[in-house]
Peer 1: 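Below you'll find the structure I mean.
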Amino acid sequence: MTLRGVIVAVEAEKTVETQYGERSLAEITIRPDDGRGDPVTVTLWGKWTHTAEHAEPGMELLVTDPEEDEFRGETTYSTGSDTHVVLEPGFLVDVTAVRSWVQCPRMYYLNKLSGIPLNYPVVKGTVVHEVFGDLLRGLDLEDSVQNRVAEAGLELGLLGYEQDEVENEVRRNAAAIEGWLQQGTLTEEDAWRSEYTLISPTYGLKGRADALRRGMPVELKTGKNTNREPRFQDKIQAVCYALMLRERGVPVNTGTLLYTKNTALDRNEQSGDLAPAKEFSVGDGLLNFVVRQRNEIAAMEFDASVPTGFEADAKCEYCFEQDTCMVVSGRLDQESKAGQVGTPLPDEEREYFDRFYRAIEEERRETHAEYRKLWEQTPEERADDDRALIDLEPTGQRQIDGERWELRARKPGDAVSKLREGDVAMASDGDPVTGHSELVRIRQLGEEVVVTADEPVDLCRLDVYPSEISVDRMLTALHDSLLKADPDRKDVLFGRRDPEFRDDAETYIDNNEAQNDAVNRAVNAEDFALVHGPPGTGKTYTIARTVRALVEQGDRVLVSAFTNRAVDNALEAIRDQGLGAGREESDVVRVGTETGVREDMLDIRLETEGRPNDRAAELQQAPVVAATTASCGSRVMREQQFDVALVDEASQLTEPATLAAINRADRFVLVGDHEQLPPVVRAENDLQTSLFERLIDQSPEAGVMLDRQYRMSQRIQAFSSREFYDGALKPASGEVAGRHLRDIGVDPADLPAEIRNPVSFVDPDGRREGNTNPREADRVAEIVDAVQSAGVPAEDIGVIAPFRAQVAEIGRRTDVTVDTVDRFQGSSEEVIVVSFVATGDLDGPIFEDYRRVNVALTRAKRALVLVGDAGALASEPFYARLLDWARR
DNA sequence: GCTCTGCGGAGAGGA
């Protein structure tokens, strides 16, 4: 039995006399989640009072296997022999975080804040781990060493390492592993498996064990340890995995640490215990200790407080992070055991840091809520939520290169989900949390689903695997921009100084004054420039022309955007300017994964595998580098410096995500449109406003608005121009203004009367059902058919709906592109049909942000058909104006 | 990457 609920009261610890002597206890009252709602009291005995000290009203508490008692007619609970007390079980702490917390709570905080830098021990450690996995999967040691070192080519090159010396070192590490493995495999056939992903609903833990041997966790350490016992923090890591395995019913009582530098080669010169593998027994004491440590972290994060180092017996004089720790606490004016050095940041910067730190941590909690849905939702609910494909029928498994696995399954019916080809996902036998699951990469997602994995699994279900990476990257960007950035940069970001511009004026673009102004602004910016580009105004061309001008004046340029698609769009235009002719030129380099980068840009994609020096040179010598903002926060990109960072679709980026890109450069140019979609964030907080929007408000003089659009007819653009751009948006020419279906060979007479006008409104009299409206979907499909029959090719028609469910509903009825507004941003079609779904009223956040409507309407070039419920639309002034305009 | 401690044991126990 598990007791679970929100804490309503926490009593102070007290000491009582029992028949077994003096014992301490603390009482916590919770309101259980069981629905009855009557508060119950739980008595925490002995060491669990430690957790009571960290508990606060409002936190969630989980108690496993409590003992039930009657006291004064009420049921009470207390901790027993099998009891674990867990604070905030919904907050998922990573196992490596528990490890660093145990070393020192400040270390945990510093790691979180500043990320893992690019350094040799880290890169080498990763390579050795990969070789270890390969050996477990039966690969040849020499092949594995060579392949894995080559794969790390770029990082090694940036660190100035040669392939041979790294191979030799990895070989030495791997030899220790192999020797030990051979002993084991002689007796234990098939008792191994590598890289085991675990998520714990009970303990609020997640992590990936390096390996399991006969079900027991094995952790690999690339260092040396000649003590008889494994290092304490290493044990902690293994104990976390043991705890999670026990939760799944595996009777784990042993953990193993494998120290790869404990080799026979050193035996002559070293004394001590040089066996690479050190086993230790996992008892209740350690398991409980780990739960209590995790509780400390969860409690600290509950109110976003900052650890000082006093929480544990940290001994700063031994710590390698002492200097960093003192600098961070000095600059952020934090209490710390190590002490402080340096002057604190100005108050407004401190306030900014705190505000965004909290906002990012809120976002992290929302990400954890996504994880929770893995076990809180039924498979059917997950599928309805578009977050999983369920009821897959496995059709085959085979081993492919490198002893990895390719798994196939048939997808029943026309199931849809957020999953995309190239995504990392969680494949399972049906239950991703308690069943057998593996992290996989999706290769193909049609009627047949194909994924690749390190280990085989029955491919019955595929789940979105939430990632904290963007949250982590935002934190490191925040850290870099406040603690490492040059003060000059901060002065303009905080509005203490106006951005400056050089006076030069040149003609870069001779047929569009605003675009030419924008390029001049960007090229002459001493600090930053902002380019406001409403739909169809040639943002991308302006960016490309700017990049060329910057490169010609000798600048090194970083081109970035939130999505891979936007980066590649910008790159395409940049290549049209004559840059990035091909790999030989290597003047433009695209940094990104093979699956993320668009096919026609793969020829300039930076290969990360190969000879270190060559790979590093390709990146370091490129005058133009393009990468997503998430990649800009990567270990590799954090080492790069640019003169100018140019960020496209900046209005869709959170402020810290934008910082990740602009931290890399002396000057920056943001291009965007704050009247289109804002950043996608889960929590409601400061992350919802983009840096672009904030700076446009703060320094309007740094901005140029592109005011001529090359996309929509006059009739189509009118509403958007009036409602969102104060009427300033104009067609670029008479040709654009007068665009009509006739120009592409369509006679309006061939269309049904109700959609004969360039902008029309149709009310199908449907009913909203959840996030769909089947009748409206029917009608949309009929309209699309009619448009096609009149002669518009399918590829020139697009359908936009607010919800993915309706997108799927319509998609079943037509072959043209159907997608959500959010996915349509950045593209356009000759004819656009918009399905509003809502009937009766316009309840729901999706309708509250009018910017979404702006995006939907401005995708159309020659014809726009709005399909919806007139009553619902008329119920709200903005939509009523839209309706009037469409029916005119 | 270091010099160190953090981990008990069956299991009930107070008012």
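Chain identifiers are assigned alphabetically (A, B, ...) following the order of the sequence lines, protein sequences preceding nucleic acid strands; residue numbering begins at 1 within each chain.
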Peer 1: With sequence neighbours excluded, tell me which residues meet side chain to side chain donor-acceptor pair (under 3.5 Å) with A:Arg148.
Peer 2: A:Asp134, A:Glu151

Peer 1: Identify which nucleotide among B:dG14, B:dG1, B:dC7 has an atom closest to any side-chain atom of A:Phe320, counting heavy atoms from C-beta outward.
Peer 2: B:dG1

Peer 1: Could you note down all residue pairs passing side chain to side chain donor-acceptor pair (under 3.5 Å) where residues 114-133 of chain A supplies at least one of them, sequence neighbours left out?
Peer 2: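 Residue pairs passing side chain to side chain donor-acceptor pair (under 3.5 Å), neighbours aside: A:Tyr120-A:Glu169, A:Lys124-A:Glu169, A:His129-A:Asp210.
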
Peer 1: Identify the pairs formed between an N or O of the protein and an N or O of nucleotides 9-11 of chain B at a distance under 3.5 Å, and give each distance.
Peer 2:
none

Peer 1: Could you give me the CA-CA distance, side-chain angles and deciding distance for A:Glu468 and A:Lys206, then say whether salt bridge (charged side-chain N to carboxylate O under 4.0 Å, His left out) is met?
Peer 2: CA-CA 12 Å; A:Glu468 282 183 53; A:Lys206 66 180 161 72; 2.8 Å; yes

Peer 1: Compare the aromatic ring of A:Phe232 with the six-membered base ring of B:dG6 and state whether they stack according to the 5.5 Å and 30° rule.
Peer 2: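 Yes, A:Phe232 stacks on the base of B:dG6, since the ring centres sit under 5.5 Å apart and the planes are within 30°.
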
Peer 1: Closest-nucleotide mapping onto DNA chain B: is A:Trp45 or A:Arg231 further toward the 5' terminus? I mean the 5' end.
Peer 2: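 The residue closer to the strand's 5' end, by nearest nucleotide, is A:Arg231.
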
Peer 1: Under 3.5 Å, is there any donor-acceptor pair linking the side chain of A:Thr43 to the base of B:dG14?
Peer 2: yes

Peer 1: In terms of side-chain heavy atoms of A:Arg72, which of B:dG1, B:dA15, B:dC4 is nearest?
Peer 2: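 The listed nucleotide nearest to A:Arg72's side chain is B:dA15.
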
Peer 1: For the C1' atoms, the ones on B:dC2 and on B:dG6, what distance do you get once it is rounded to whole angstrom?
Peer 2: 16 Å

Peer 1: What residues in residues 108-118 of chain A put a non-hydrogen atom under 4.0 Å from any atom of DNA chain B?
Peer 2: none

Peer 1: Identify all stems in which DNA chain B takes part, counting only runs of at least 3 consecutive pairs (Watson-Crick or G-U wobble, each distance under 3.5 Å), and give each as one range with another, ordered by first number.
Peer 2: none

Peer 1: Under the side chain to side chain donor-acceptor pair (under 3.5 Å) test, which residues partner A:Thr51, sequence neighbours left out?
Peer 2: A:Asn295

Peer 1: Is A:Lys47 near enough to B:dC7 that one of its side-chain N or O atoms lies under 4.0 angstrom from OP1 or OP2?
Peer 2: yes

